[in-house]
Q: 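Please read through the structure below; I'll follow up with questions.
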Amino acid sequence: MDVYDADIEKVLLTEQDIQFKLAEMGERISQDYEGRSILLVGVLKGAFVVMADLSRHIRLPLEFDFMAVSSYGAATKSSGVVRILKDLDHDLKDRDVLVVEDIVDSGLTLKYLLKNLAARKPASLEVATLLRKEGIQQVELDVRYVGFDIPNEFVVGYGLDYDERYRNLPYIGTLRPSAYGGS
Ligand code: IMP
Ligand code: MG
C-alpha cells in the first residue's frame with residue numbers, strides 16, 4: 001500500500017499474521033458452534049474488514065448484521081459514552097449472536113453494547129475481536145475469541161482508522177508523528 005508508506009512507523013502485524021490468526025479463530029468458532037447457525041454482528045465501521053475475512057473461515061450457516069455507534073470525545077480516546085447511530089435489522093431473540101470487533105481498547109464501547117444486546121434475549125452472546133490492548137481494559141469483559149494482545153499504542157490498518165484513513169491497509173501498524181494532525 002505505497003500511498004501510506006511514508007506515514008507508517010512500524011508494522012505490528014503483517015497481512016500473513018492476520019490471515020493466519022483469522023483462520024485459526026474461524027476454526028475454533030466452527031467447532032464451538034457446530035450444528036448451529038450464527039448471527040454475526042459487526043460494529044461499524046472498523047469491524048467490516050475483520051468480519052469479511054473471519055466469516056470466510058467459519059464453516060457454518062451465517063447471517064450478518066451491522067450496528068453503527070459513535071463514542072463522544074477525542075479522536076484517539078474512547079469516552080465510554082455511546083450513541084447508536086444505526087441499529088440492527090435482526091431480532092436477536094433466541095439467536096446465537098457473535099459480536100465481531102476490530103479492537104478492544106478501554107472496553108467501554110463493548111461493555112455498553114453487550115449490555116444493550118443482552119437485553120434483547122439472544123440464546124447466546126459472545127465476542128470475537130482481532131485485537132485487544134494489553135492491560136488497560138477499564139472494565140471486566142469476557143471476550144471469548146481474541147486474535148492478538150497488543151501493546152498500548154495507537155494502531156491503524158485492517159479496518160482501523162486515524163481520522164477515517166488507513167482502513168484499507170492490509171496490515172496493522174503504528175503511525176509516524178508526522179502523520180498526525182495534517183491531512
Ligand atoms: P474502546 O476504548 O474499547 O471503547 O474503543 C472504542 C473504539 O475506539 C474501537 O472500536 C476503535 O474504533 C477505536 N480505537 C481504539 N483503539 C484504537 C487504535 O489503536 N486505533 C484505531 N482505533 C482505535
Ligand atoms: Mg475510529
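Note that ligands are numbered from 1 as they come in the structure, with each ligand's atoms numbered from 1 the same way.
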Q: Under 4.0 Å between a Lys/Arg side-chain N and an Asp/Glu carboxylate O for Glu101 and Arg132?
A: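 Result for this pair is no, no salt bridge flagged.
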Q: Which atoms of ligand 1 have any heavy atom of Gly107 under 4.0 Å away?
A: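 Within the 4.0 Å cut-off of Gly107, ligand 1 contributes 1 (P), 2 (O), 3 (O).
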Q: Would Glu153 count as a contact residue for ligand 1, given that I'm defining contact as a non-hydrogen atom of the residue lying under 4.0 Å from a ligand atom?
A: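 Under 4.0 Å: yes for Glu153.
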Q: Which is closest to atom 21 (C) of ligand 1 by heavy-atom distance: Phe154, Tyr162, Tyr166?
A: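 Among Phe154, Tyr162, Tyr166, the closest heavy atom to atom 21 (C) of ligand 1 comes from Phe154.
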Q: Is there a donor-acceptor contact under 3.5 Å linking the side chains of Glu63 and His90?
A: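 Looking only at side-chain atoms, His90 and Glu63 do form a donor-acceptor pair, the distance falling under 3.5 Å.
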Q: Indicate the ring-plane relationship of Tyr166 and Tyr4, choosing parallel, tilted or perpendicular according to the 30° and 60° boundaries.
A: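 Tilted: the ring planes of Tyr166 and Tyr4 meet at 30° to 60°.
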Q: Can you list the atoms of ligand 1 that are under 4.0 Å from a heavy atom of Lys133?
A: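 Those atoms are 16 (N), 17 (C), 18 (C), 19 (O).
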Q: What part of Thr109 sits under 4.0 Å from ligand 1 if we count only heavy atoms: the side chain, the backbone, both or neither?
A: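 Within the 4.0 Å criterion, Thr109 contacts ligand 1 through backbone and side-chain atoms alike.
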Q: What do you reckon, does Lys111 put a non-hydrogen atom under 4.0 Å from ligand 1?
A: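 No, Lys111 has no heavy atom closer than 4.0 Å to ligand 1.
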Q: Is there a donor in the side chain of Asn152 and an acceptor in the side chain of Glu134, or the other way round, less than 3.5 Å apart?
A: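 On atom types as modelled, these side chains do not qualify, holding no pair under 3.5 Å.
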Q: Is Phe154 reachable from Tyr158 through a run of hydrophobic residues whose side-chain heavy atoms are each under 4.5 Å from the next?
A: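 Tyr158 and Phe154: separate clusters.
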Q: Hey, does Asp161 sit under 4.0 Å from ligand 1 if you only count heavy atoms?
A: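 Within the 4.0 Å threshold, so yes.
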Q: Could you establish whether Gly46 and ligand 1 come within less than 4.0 Å of each other, counting only heavy atoms on the residue side?
A: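 The answer is no, since Gly46 has no heavy atom less than 4.0 Å from ligand 1.
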Q: Between Arg120 and Asp87, does any side-chain N to carboxylate O distance fall below 4.0 Å?
A: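 So Arg120 pairs with Asp87 through a salt bridge.
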Q: Between Tyr162 and Tyr180, does the ring centre distance come in under 6.0 Å?
A: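 Judged by ring-centre distance (under 6.0 Å), Tyr162 and Tyr180 do meet the cut-off.
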Q: Using distance alone, decide if ligand 1 has a nitrogen or oxygen within less than 3.5 Å of any nitrogen or oxygen in Leu110.
A: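 No; every N/O pair is 3.5 Å or more apart.
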Q: Holding to side-chain contact (heavy atoms from CB on, under 4.5 Å), I want the full list of residues that pass it with Asp91, two or more places apart in sequence or in another chain.
A: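 Applying side-chain contact (heavy atoms from CB on, under 4.5 Å) to Asp91 gives Lys93.
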Q: Within a distance under 4.0 Å of any heavy atom of Asp102, pick out the atoms of ligand 1 and give their elements.
A: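 Ligand 1 atoms under the 4.0 Å threshold to Asp102: 10 (O).
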Q: Would you please determine whether Ile103 falls within less than 4.0 Å of ligand 1 on a heavy-atom basis?
A: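 Yes, Ile103 has heavy atoms under 4.0 Å from ligand 1.
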